[in-house]
Trainee: 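Sharing a structure, written as structure tokens. Questions coming.
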2 protein chains.
Amino acid sequence: MSDITKRKQEILATIIERYIATGEPVGSKAICADMNNAVSSATIRNDMADLVELGLLEQPHTSAGRIPSQAGYRYYVDNLMTTYEIGIDEQERIKIWLQSFSGEPDKLLEKAGSILAELTNCVAVSSSPSDSEAFIKRIELVPLSEHTAMIVLLATSGILRSSVVRSDSAINVDIAEVFYNICQTYFNGRNVSDISLSFIQTLVASLGDKVFVMSPFLCAISDLCEAVKTTEIHLQSPNNILNHTELSEDAFRLMDFLHRSTPLENMLSSQKKTLNVVIGSENSYRELRNSTTIFSKYSVGDRESGSIGIIGPTRLDYARLIPSIKYLAGIIGTMLTETLDE
Amino acid sequence: MSDITKRKQEILATIIERYIATGEPVGSKAICADMNNAVSSATIRNDMADLVELGLLEQPHTSAGRIPSQAGYRYYVDNLMTTYEIGIDEQERIKIWLQSFSGEPDKLLEKAGSILAELTNCVAVSSSPSDSEAFIKRIELVPLSEHTAMIVLLATSGILRSSVVRSDSAINVDIAEVFYNICQTYFNGRNVSDISLSFIQTLVASLGDKVFVMSPFLCAISDLCEAVKTTEIHLQSPNNILNHTELSEDAFRLMDFLHRSTPLENMLSSQKKTLNVVIGSENSYRELRNSTTIFSKYSVGDRESGSIGIIGPTRLDYARLIPSIKYLAGIIGTMLTETLDE
DNA sequence: AGTTAGCACTCACACAGAGAGAGTGCTAAC
DNA sequence: GTTAGCACTCTCTCTGTGTGAGTGCTAACT
């Protein structure tokens with residue numbers, strides 16, 4: 001692959017950039033003009049034929065211009081692209097805009113996602129920080145009425161989860177005390193992965209006559225631990241899919257795909273690198289075979305605990321989008337880490 | 001309008017029901033068969049011509065069958081339709097399914113919405129109970145870390161809202177006490193609409209040296225009161241829009257419309273009746289000119305405080321959907337009222 | 001050997017005409 | 001008021017033609 005002449009690389013880059021901008025197949029004449037007539041269109045045609053041979057370009061039909069193949073985009077992203085960083089003032093604006101949500105990871109990610117969707121005109125997807133190694137930092141019981149209370153669980157990963165519990169018996173100071181005692185003894189400081197159903201069951205067995213009052217609360221805690229471990233997926237502007245005509249055939253299937261969290265989750269958890277640009281059929285899900293996904297992990301503390309990125313067509317302005325996504329992932333990580341430090 | 005002969009009504013109903021089932025224009029022969037050849041196709045043609053004249057039917061083109069006009073649907077819904085109640089066992093299943101979410105109105109509505117979307121194959125929309133006449137029932141401060149705390153506000157409308165606050169000074173018992181004192185004196189039992197920015201400002205002025213510590217909390221309370229008043233819109237399965245080919249032209253605009261809460265909110269708040277069936281261009285929003293919206297209000301206590309319903313094409317199985325929506329609205333109301341009573 | 005001009009060729013697209021089929025509107029008889 | 005019969009209308013599909021963009025190939029040139 002690396003034995004492609006400089007000129008062929010230039011031609012490839014020109015075709016890709018022009019195609020990204022216009023969405024139309026690029027002919028030899030147009031390239032010729034873009035290259036200031038350095039060589040004739042016939043020469044370019046010869047080179048293009050070679051690039052098709054190599055699988056980097058495609059022809060929609062015999063007498064059309066060329067469009068990049070998925071391998072072509074891959075070569076471009078890996079070897080040819082020069083990235084454009086996002087402007088400093090824009091960076092500053094985003095930072096200020098996000099600052100106010102730094103206390104609540106989910107809200108922060110939703111906001112970041114909607115900024116990203118706006119910026120890229122694509123669907124933005126983010127996963128909340130999930131960390132099965134997280135510990136329970138704190139559990140609080142917030143009485144709401146005689147028979148209902150809210151249980152709030154804060155994990156060391158910075159994730160905050162809450163749920164409302166109903167109890168048949170009145171929730172009074174005594175019960176709260178029992179609750180906090182149990183938390184202190186059995187939950188606080190414990191790894192969320194330890195709180196299995198069987199753990200709760202053995203715990204319940206040891207409670208004696210408090211079991212009936214306590215069990216709904218303990219079940220809630222178990223659920224909340226589960227929720228802390230579970231990656232929450234945030235989807236922003238799914239309708240942006242419809243902006244891209246090249247995806248209109250897949251639109252229906254894609255929409256359906258986007259609205260199911262499990263595959264998205266699997267997709268994200270299978271990504272190993274910090275920045276993942278997955279083009280077309282490189283994606284393991286068939287629904288994404290005509291799409292590109294660009295995701296960057298963000299780090300909370302020293303752990304890469306979540307991702308943010310986009311799903312769009314393969315025809316994407318990679319050179320601009322990749323830096324934007326990197327920037328957002330970076331700033332999310334920083335903010336979440338700062339909040340965690342206290 | 002009421003001077004339409006019995007037979008014409010029967011023809012109209014047959015056309016509408018057949019068109020709802022098949023989506024294809026209905027010809028005189030087909031109706032003839034559906035009516036057991038009680039009259040000849042020629043007679044039906046004569047009657048159909050009259051129904052077109054009256055604006056209840058339309059012809060896509062001269063030599064096609066007839067389809068219902070929007071006015072035709074209206075006439076059908078108002079005068080001809082016989083509704084099909086949802087099955088008892090299905091009712092029971094839904095009830096059990098929803099029960100577990102009765103403590104959290106927003107989750108309950110989301111769940112109900114997703115059931116409705118599944119049931120109807122349409123987009124489900126619901127608004128959380130909003131009530132500007134609600135009072136503050138309770139405010140709790142939940143310390144999370146040295147500098148952050150969660151503020152939980154429960155309103156008499158059953159709505160629960162929370163937000164995380166950062167404070168520059170450490171959040172200790174003293175501060176909590178001051179906080180609860182302020183709540184007791186100024187907030188608890190007060191109408192959420194009273195908590196304006198100017199109210200907070202005068203309150204802040206009277207705080208003396210506690211002002212710097214308290215102001216982020218007070219601002220949060222103000223925001224939460226605002227959030228209690230604000231109708232929260234839940235959208236379920238927006239991609240169901242794409243299931244309906246007759247809306248494919250509007251799909252893009254509709255999707256966009258659905259993802260902005262404000263118009264949806266306006267639409268819902270402008271509906272006066274308990275059950276609102278708004279067909280096609282009866283909708284005040286242009287985006288909905290080819291859609292039907294069916295919404296039912298649900299009552300919490302004795303106030304109609306929110307809505308649930310669907311947005312779909314005008315070609316809808318009104319006879320089945322209307323009872324389903326009524327049923328869901330009813331059960332939501334019952335559940336929310338029960339939770340509130342305690 | 002690499003580059004270029006020239007030209008025939010290919011293919012998608014847009015438009016037009018023909019044939020088929022569904023369903024109508026009208027007329028005249030019942 | 002109802003019905004049978006029939007010409008008529010309009011959509012849809014298929015086919016054919018013309019156009020234009022862009023190619024691939026060949027032969028000449030540097």
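A, B, ... follow the sequence lines: proteins, then strands. Residue 1 opens every chain.
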Trainee: Using atom CD1 of B/Ile44 as one end and atom C1' of D/dG1 as the other, report the distance to the nearest whole Å.
Mentor: 14 Å
Trainee: Could you tell me how far apart A/Ile31 (CD1) and D/dA21 (C1') are, to the nearest whole angstrom?
Mentor: 14 Å
Trainee: Side chain of B/Ser63, heavy atoms from C-beta onward: which of C/dA22, C/dT3, D/dG22 has the nearest atom to it?
Mentor: C/dA22
Trainee: Now, which nucleotide makes the Watson-Crick or G-U wobble pair with C/dT24, with each of the two distances under 3.5 Å?
Mentor: D/dA7
Trainee: Under a 3.5 Å threshold, yes or no: a donor from one side chain and an acceptor from the other, between B/Tyr318 and B/Thr292?
Mentor: yes
Trainee: Is the CD atom of A/Glu118 crowded by more than 12 outside heavy atoms at less than 6.0 Å?
Mentor: no
Trainee: Give one of base, sugar-phosphate or nothing for B/Thr62, where a contact means two heavy atoms less than 4.0 Å apart.
Mentor: sugar-phosphate
Trainee: I need the CG-C1' distance between B/Asn46 and C/dG23, as an integer number of Å.
Mentor: 14 Å
Trainee: Would you check if there is a donor-acceptor pair between the side chains of B/Thr293 and B/Asn283 at a distance under 3.5 Å?
Mentor: yes
Trainee: For B/Arg45 and D/dG1, give me the distance from atom CZ to atom C1', rounded to whole Å.
Mentor: 16 Å
Trainee: Taking pairing as Watson-Crick or G-U wobble with both contacts under 3.5 Å, can you name the mate of C/dC30, or confirm there isn't one?
Mentor: D/dG1
Trainee: Assign A/Ala64 to base, sugar-phosphate, or nothing according to its heavy-atom contacts below 4.0 angstrom with the strands shown.
Mentor: sugar-phosphate
Trainee: For A/Lys29 and C/dC7, give me the distance from atom NZ to atom P, rounded to whole Å.
Mentor: 14 Å
Trainee: For the side chain of B/Arg66, counting heavy atoms from C-beta on, which of D/dT9, C/dT3, C/dG25 is nearest?
Mentor: C/dG25
Trainee: Would you say C/dT4 has OP1 or OP2 under 4.0 Å from some side-chain N or O of A/Ser40?
Mentor: yes
Trainee: Separation of A/Glu53 atom CD from D/dT23 atom C1', in whole Å?
Mentor: 16 Å
Trainee: What's the closest nucleotide to the A/Gln59 side chain, out of D/dT23, D/dA4, C/dA5?
Mentor: D/dT23
Trainee: Which part of the nucleic acid, if any, lies within reach of A/Ser41 when heavy atoms closer than 4.0 Å are counted: base, sugar-phosphate only, or nothing?
Mentor: nothing
Trainee: If you assign B/His61 and B/Ala38 each to the DNA chain D nucleotide with the nearest heavy atom, which residue ends up on the more 5' nucleotide?
Mentor: B/Ala38
